[in-house]
Protein chains: 2
Amino acid sequence: MIDQLVNIYPKKRRHKFTMTAKTSQKRNGSKTGIRRENERAILEAAESVFAEFGYRGATTSLIAERAGIPKPNLHYYFPTKEALYREVVDNIFNIWLDAADSFDDCDDPAEALTRYISKKMDISRDHPMGSKVWANEILQKAPVIHDYLETVLKDWTNSRVAIIQRWIDEGRIDQVNPETLLYMIWATTQHYADFNHQIETLNGGKPLSDDRFEAAKQQVVDIILTGIGAGRAPAP
Amino acid sequence: MIDQLVNIYPKKRRHKFTMTAKTSQKRNGSKTGIRRENERAILEAAESVFAEFGYRGATTSLIAERAGIPKPNLHYYFPTKEALYREVVDNIFNIWLDAADSFDDCDDPAEALTRYISKKMDISRDHPMGSKVWANEILQKAPVIHDYLETVLKDWTNSRVAIIQRWIDEGRIDQVNPETLLYMIWATTQHYADFNHQIETLNGGKPLSDDRFEAAKQQVVDIILTGIGAGRAPAP
DNA sequence: GTCTATAGAATGATAGAC
DNA sequence: GTCTATCATTCTATAGAC
């Protein structure tokens with residue numbers, strides 16, 4: 001997905017080789033079962049550690065420990081901490097971009113927004129670590145994905161702003177600032193991933209049940225749709 | 001505010017003395033101008049560094065550099081990185097708790113929520129670093145403030161949930177889950193602090209103007225109040 | 001109160017035997 | 001492919017001269 005990422009953390013010492021998504025992809029065909037399983041375990045552990053501590057706070061020792069392998073083996077599969085981080089970020093991008101498509105499946109504002117909000121809530125449920133890595137990146141002023149924000153995210157946002165503006169012009173929803181609406185959707189849906197520790201604590205130390213989560217999803221949809229005068233989505 | 005904070009990061013080496021908010025307070029009367037100014041500069045620098053990198057990712061060197069003092073001087077004023085972090089977190093607690101009061105100034109749901117949302121938006125504008133330190137704490141599963149979430153925040157939340165539930169029972173707002181409404185308010189308002197780098201990037205690399213920010217504040221109030229059937233707040 | 005110099009621990013990464 | 005041993009760097013914190 002991202003062949004070229006910006007150079008970050010120039011103060012660190014440089015390395016001879018940096019694995020990119022492309023070179024990793026190229027080797028997919030010849031991966032042994034051991035390699036595939038170890039890479040999967042490392043990426044999963046890395047996602048959780050980077051989500052919790054950000055790039056700088058994460059340590060390769062902790063990632064290796066959570067992956068259940070000795071630290072040198074981690075460097076065998078991913079030559080540098082930075083290369084590993086880029087792979088993790090890359091994986092998250094793909095998930096988020098896929099979700100974005102649900103915005104375009106339908107031209108009815110109520111139905112399109114219902115699908116998009118629901119999909120974003122599902123991602124917060126299924127991939128909370130990815131959302132947290134993204135949050136950490138933004139808190140750190142996006143050293144890795146900054147140009148990505150300026151290109152892919154900006155283009156995606158502009159095109160959806162245009163869609164929302166058209167709905168307004170056609171009188172199908174109230175006059176709202178499209179960006180403000182998008183930020184509200186992003187903030188509210190991602191809150192269920194990024195702040196899930198706070199939500200769990202307020203919920204008596206336990207995660208929201210499936211029923212409670214589904215109810216929250218429906219409430220978020222209802223409040224936002226009602227709030228912008230789009231009413232409820234028609235039954236499918 | 002917080003005299004006793006939980007023990008964190010037990011793996012790190014221990015220190016002979018940990019400054020608490022109380023001991024620091026006790027010395028207020030005899031502070032020289034130099035001490036006061038240096039402590040202020042250090043705390044401001046620390047807030048921005050902890051906001052950006054979290055506790056583990058932050059370095060005392062960077063804090064000292066941003067404060068414009070040599071690193072050993074930082075340790076002269078704050079004996080450990082952890083003590084400094086606790087002071088920063090303590091400062092933020094006070095701001096957030098003050099804001100919470102605006103919820104109780106009025107019994108009319110539209111007016112109370114308008115005041116609370118507006119106040120929270122103002123805090124995101126005026127103290128974005130504090131909000132980011134909080135966000136980092138939650139992402140890291142709140143190693144410092146965990147018991148605070150379970151006591152102060154839980155009590156505050158419960159009492160406001162009761163207020164919202166009463167409004168529902170009296171038919172003054174729609175049937176909504178009170179927690180879901182609160183999370184939506186927190187998420188949306190804090191988004192303007194925690195994700196301001198993303199918002200700025202999408203805004204052409206510049207911060208939102210005062211006018212745009214005020215408009216966003218009004219929109220957030222309008223969408224949420226309309227969304228829960230509270231209508232607009234009566235003119236003051 | 002200030003700051004040079006540095007101790008002691010942890011970190012990212014590598015060498016090289018198996 | 002795996003892992004013990006270890007290096008070079010960076011970190012928190014302190015000693016001690018001024």
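Residue numbers start from 1 in every chain, and the chains themselves are labelled A, B, ... in the order their sequence lines are given, proteins ahead of strands.
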Check this for me: does any side-chain nitrogen of one of B/R66 and B/E52 sit under 4.0 Å from a carboxylate oxygen of the other? yes
How long is the line joining [atom1] of [X] and [atom2] of [N], in whole Å?
| X | N | atom1 | atom2 | result |
| --- | --- | --- | --- | --- |
| A/I34 | D/dC3 | CD1 | C1' | 14 Å |
| A/L62 | C/dT11 | CG | P | 9 Å |
| A/F78 | D/dG1 | CZ | P | 13 Å |
| B/I42 | D/dA13 | CD1 | P | 13 Å |
| B/R56 | C/dA9 | CZ | C1' | 14 Å |
| B/Y85 | D/dC11 | OH | P | 19 Å |
| B/I63 | D/dC11 | CD1 | P | 12 Å |
| B/E82 | C/dA9 | CD | C1' | 16 Å |

Protein-nucleic acid N or O pairs under 3.5 Å, nucleotides 16-18 of chain C:
none

Checking all strands, does A/A64 fall into the base, sugar-phosphate, or nothing category for heavy-atom contacts under 4.0 angstrom? nothing
In residues 66-75 of chain B, which residues come under 4.0 Å of DNA chain D by heavy atom? B/K71, B/P72, B/H75
Can you list everything that forms a ring pair (Phe, Tyr, Trp, His ring centres under 6.0 Å) with B/F50? Sequence neighbours excluded, please. B/Y85
Listed partners of B/H197 passing ring pair (Phe, Tyr, Trp, His ring centres under 6.0 Å), at least two apart: A/H146
I want to verify a distance call: between C/dT2, D/dG1, C/dG12, whose nearest atom is closest to the A/K81 side chain? C/dG12
Of the listed nucleotides C/dG12, C/dT2, D/dA13, the one nearest the side chain of A/S61: C/dG12
All side chain to side chain contact (heavy atoms under 4.5 Å, CB included) counterparts of [X], not counting sequence neighbours:
| X | result |
| --- | --- |
| A/T157 | A/L153, A/V161, A/L182, A/W186, B/L202 |
| A/S159 | none |
| A/P72 | A/P70 |

The complete set of salt bridge (charged side-chain N to carboxylate O under 4.0 Å, His left out) pairs with one or both residues in residues 41-50 of chain A, sequence neighbours excluded, reads A/R40-A/E44
Please list all pairs passing the salt bridge (charged side-chain N to carboxylate O under 4.0 Å, His left out) test where one or both residues lie in residues 118-131 of chain B, with sequence neighbours left out. B/D122-B/K217, B/R125-B/D210
Using a cut-off of strictly less than 4.0 Å, decide whether B/Y77 has a side-chain nitrogen or oxygen near OP1 or OP2 of C/dT2. yes
Below 4.0 angstrom from OP1 or OP2 of C/dT11, is there any side-chain N or O of A/T60? no
Does a donor on one side chain and an acceptor on the other come within less than 3.5 Å for B/N177 and A/R212? no
